[in-house]
4 protein chains.
Amino acid sequence: MKSPPDVKNRRPSPDRPRGRPRSLEARRAILKATHELLAEGGLSSVTIEGIAARAGVGKPTIYRTWPNAHAVAMAALMESDDSGESAAAMSRRTAEPAPKPNERPSSALTALRAQLHEIARVFSAALGRCVTLMIAASEQDTELSKAFRNQFVLARRNEGRAFLAAAMSNGEIRRDLDIDVALDLIYAPVFYRLLMGHAPLTSRFIDDVLNLALQGISTTARRKP
Amino acid sequence: MKSPPDVKNRRPSPDRPRGRPRSLEARRAILKATHELLAEGGLSSVTIEGIAARAGVGKPTIYRTWPNAHAVAMAALMESDDSGESAAAMSRRTAEPAPKPNERPSSALTALRAQLHEIARVFSAALGRCVTLMIAASEQDTELSKAFRNQFVLARRNEGRAFLAAAMSNGEIRRDLDIDVALDLIYAPVFYRLLMGHAPLTSRFIDDVLNLALQGISTTARRKP
Amino acid sequence: MKSPPDVKNRRPSPDRPRGRPRSLEARRAILKATHELLAEGGLSSVTIEGIAARAGVGKPTIYRTWPNAHAVAMAALMESDDSGESAAAMSRRTAEPAPKPNERPSSALTALRAQLHEIARVFSAALGRCVTLMIAASEQDTELSKAFRNQFVLARRNEGRAFLAAAMSNGEIRRDLDIDVALDLIYAPVFYRLLMGHAPLTSRFIDDVLNLALQGISTTARRKP
Amino acid sequence: MKSPPDVKNRRPSPDRPRGRPRSLEARRAILKATHELLAEGGLSSVTIEGIAARAGVGKPTIYRTWPNAHAVAMAALMESDDSGESAAAMSRRTAEPAPKPNERPSSALTALRAQLHEIARVFSAALGRCVTLMIAASEQDTELSKAFRNQFVLARRNEGRAFLAAAMSNGEIRRDLDIDVALDLIYAPVFYRLLMGHAPLTSRFIDDVLNLALQGISTTARRKP
DNA sequence: GGATAATCGAGACGGTACGTCGCGTCTTCAT
DNA sequence: ATGAAGACGCGACGTACCGTCTCGATTATCC
């Protein structure tokens, strides 16, 4: 900000531990350490003291940025969230034909199905369980909590909402649908199985859920004699 | 040390524990105190020391029976579970006509709807949130955890399974249905909204979910021209 | 052992208590266990629970006889006290000539010297330290405490008193002597070194102490005709 | 910041501990509380929890400095030791003529006598008993234990050694004396009576002990020219 | 012989204190 | 004037023993 306008992110010399550009480095170390702790021992092993020790950082440095260990964990998970890829990419990867309910599905419904599989994949992993748990356990009104929920749940939900809207506009699903209800109908069972653990979260199950939901909300279901 | 080898027919009564039996009174006081703490401050205010102090009990007395505060909370919630009433009773209480999808529903579907409303009511309360949270947060493999999940989730789920079976047998829902998937489709959205908090869990929502699910799984949906 | 029912410890006294008599066997097991614990871990490892567990005995059985662990330890040490042998026996065993102050000593002083060596030997052992510690640490007014002190300290002291009286009567020591002070002068240094640990308690030291006590440390004492 | 390599005479001070230094205030509060507890209830009423509560301090703050309650008690007694005054001061205060053995004593022996009386006075008090007990009960090899013994026993003993050396150099006591033995002969009876409690520790007794130690108890010692 | 009674083992009870861990705040020093 | 290091007051943890109190079973004496 003073004489050199670009001093900040200067990192051509890796041996520059001279001054104190430690801040960014510290942040990264903190999030990395937290991520490792999460992966190793789950949410309950994330403590401020543990993070500070592993990151080689003072506790106040952590508290300067986050209010508690929960928040650091959230930040670490958000930072490392690799699931931001587009639904197209997901659709491409999981290029399965997918069991069709009764008609050939549009690309919108195909993408929705792919997204569901992707969600199941991500959240079945160890860190995914942490995410779900943290959403469930967090106070619902903090800023970070909302951001977290937004990134991990609502972003996908909005993507799904777009899929449904597309499907609606091309006549694949009913026009009188309450999309929020429909979205819950589709996404909820995945998390339900994850959390309750009463039955495994298989790929088959996801297809079944979607088929069942579709037969309810699709226009084909409305056909009456 | 009498060496005479006269083996008495001393029956060791291997089933009955030796020593002073555990105090029912203490157990009750502990669970009552825990229940109060849960209701007042939520899951995080349930500490062994707090329970012991409020129940007028020593900490070791608690640890003798439960391994940690989480387990005591589970036990307290299970003990005080007043939701064991029959679906008939629930149906009677919530004697609403319920918005019908498109036909007059059988008593089975009516009971299912009543049960869903009841579940939403119970789990929306403060203690209900605790229950959900504890299910989500608990290690899945302990004995108590399984019992807890069984009592609060699977018991209702089994009741629901009976409803669906009845509805299936009288032709209201499709015979080719995977009931486990259908059950998740119906119950999951309730808990999803509870945990995620992205939208309120209204009575209207429950009806909507059920209607939507029914239109997917009911035979009327299969009618094609 | 079993056929004669009266051999055991049947007392003819009609005021014998009603119920089941206390088990001698249990008492022995308790004292044995306590003794082992004392030898293994010192005074601090003697706990009622530890004794009960090792002796295969219920805790109330211990409390029925002794008021606390300290008392059991005292009893165990008193029971196992092998130092009750006569000074004559000791004198016989440690038949050393002993460095004489300036004259040939009477048998009384020889016996005193032998007793001092014996005391040092016994109290230098692990259990001896326990004894000293317990005397020092015990409340001074209990019955058991007095008995303990009496057995381990005063009995020897009284023996020593007899030695000094004999020596006095045959003119070896001064007649105007306060024997209690003289006894303390002789016995105290042994325990002092044991407890303070500032210097080792050697056999040489004991001889030196006795010689010095006999002769005095002032130059005036050495003058001879 | 980096061009001038050592503008300041910054010493690396590798010995100085990093981080926040320990609070002198807390330390003082802890020792004060411990001292009060010792005075009120003796050694057994010194508990970490009690100290923490009375000092308004957290338990870890205590454990950060001392390993157990015993050590805190030692530190408290050492800190509050008011007996460091010189023997001259003691001699001045207790300006008694002192019963002379047979000659007018030198100032060295007078000072020794005064010191003995002072020791008896200090150790007869409640806290003095604690000190003796703790010396007796403590493991002998810890650092603190040695320091404690050094302060309370050996310091006085060294003073006494100086007295004896002075008396020896001016011909009052024998030159062939083993001073360590002589010191034990003089100091031991005081502590012996304190610990054993078989007889009171009177002022008279102290004089008697000193006289007897000086003269010896044997008849041969009384011969004068 | 049957009732009575004290003892036995076992172990749960209400407690106290232990020594540890983590919290979130603070203070100090080095950069 | 920021950041690491770490001590602080605090609160809860889970454990070890305390000394007391049931339990059912086991011996003895007395009626």
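So you know, we letter chains A, B, ... as the sequences are listed, proteins then strands, and number each from 1.
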Search all heavy atoms of D/Trp66 against all heavy atoms of D/Arg27 and return the closest pair with its distance.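 Scanning both residues, the minimum pair turns out to be CZ2-NH1, 3.8 Å.
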I'd like to know if the side chain of C/Thr34 and the backbone of C/Ala73 have a donor-acceptor N/O pair within less than 3.5 Å.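 Side chain of C/Thr34 to backbone of C/Ala73: no pair is present.
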[X] has an atom [atom1]; how far is it from atom [atom2] of [N], in whole Å?
X       : N      : atom1 : atom2 : answer
D/Arg28 : F/dC8  : CZ    : P     : 13 Å
B/Ile51 : E/dG15 : CD1   : P     : 16 Å
C/His70 : F/dC18 : NE2   : P     : 13 Å
B/Ile62 : F/dA16 : CD1   : P     : 17 Å
A/Trp66 : E/dG24 : CH2   : P     : 14 Å
C/Glu25 : F/dT27 : CD    : P     : 10 Å
A/Arg54 : F/dA4  : CZ    : P     : 17 Å

Classify B/Ala26 by what it touches in the nucleic acid, base, sugar-phosphate, or nothing, heavy-atom distance under 4.0 Å.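 Result for B/Ala26 = sugar-phosphate.
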For C/Val57 and for B/Arg27, locate the closest nucleotide of DNA chain E by heavy-atom distance; then report the residue assigned to the nucleotide nearer the 5' terminus.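 This one resolves to C/Val57.
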Does E/dG14 have OP1 or OP2 under 4.0 Å away from a side-chain N or O of B/Thr61?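 Looking at the OP1 and OP2 atoms of E/dG14, one of them is under 4.0 Å from a side-chain N or O of B/Thr61.
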Give each protein N/O atom lying under 3.5 Å from an N/O atom of nucleotides 18-22 of chain E, with the pair distance.
from	atom 1	to	atom 2	distance (Å)
E/dC18	OP1	D/Ile48	N	2.8
E/dC18	OP2	D/Ile48	N	3.0
E/dC18	OP2	D/Glu49	N	2.8
E/dG19	OP2	D/Tyr63	OH	2.5
E/dG19	O5'	D/Tyr63	OH	3.3
E/dG19	N7	D/Lys59	NZ	3.0
E/dG19	O6	D/Lys59	NZ	2.6

So A/Leu127 and A/Val131, do their side chains get closer than 4.5 Å, heavy atoms only?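 Not in contact.
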Below 4.5 Å, heavy atoms only, C-beta onward: do D/Val46 and D/Ile51 meet side chain to side chain?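 A side-chain contact exists here, since the closest heavy-atom pair is under 4.5 Å.
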Near A/Glu40 CD, under 6.0 Å, is it more than 12 heavy atoms from other residues, nucleotides or ligands?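 Counting other residues, nucleotides and ligands, CD of A/Glu40 exceeds 12 neighbours.
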Partners passing side chain to side chain contact (heavy atoms under 4.5 Å, CB included) against D/Ala52 (at least two apart in sequence or in another chain):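 Partners of D/Ala52 under the side chain to side chain contact (heavy atoms under 4.5 Å, CB included) test: D/Lys59, D/Ile62.
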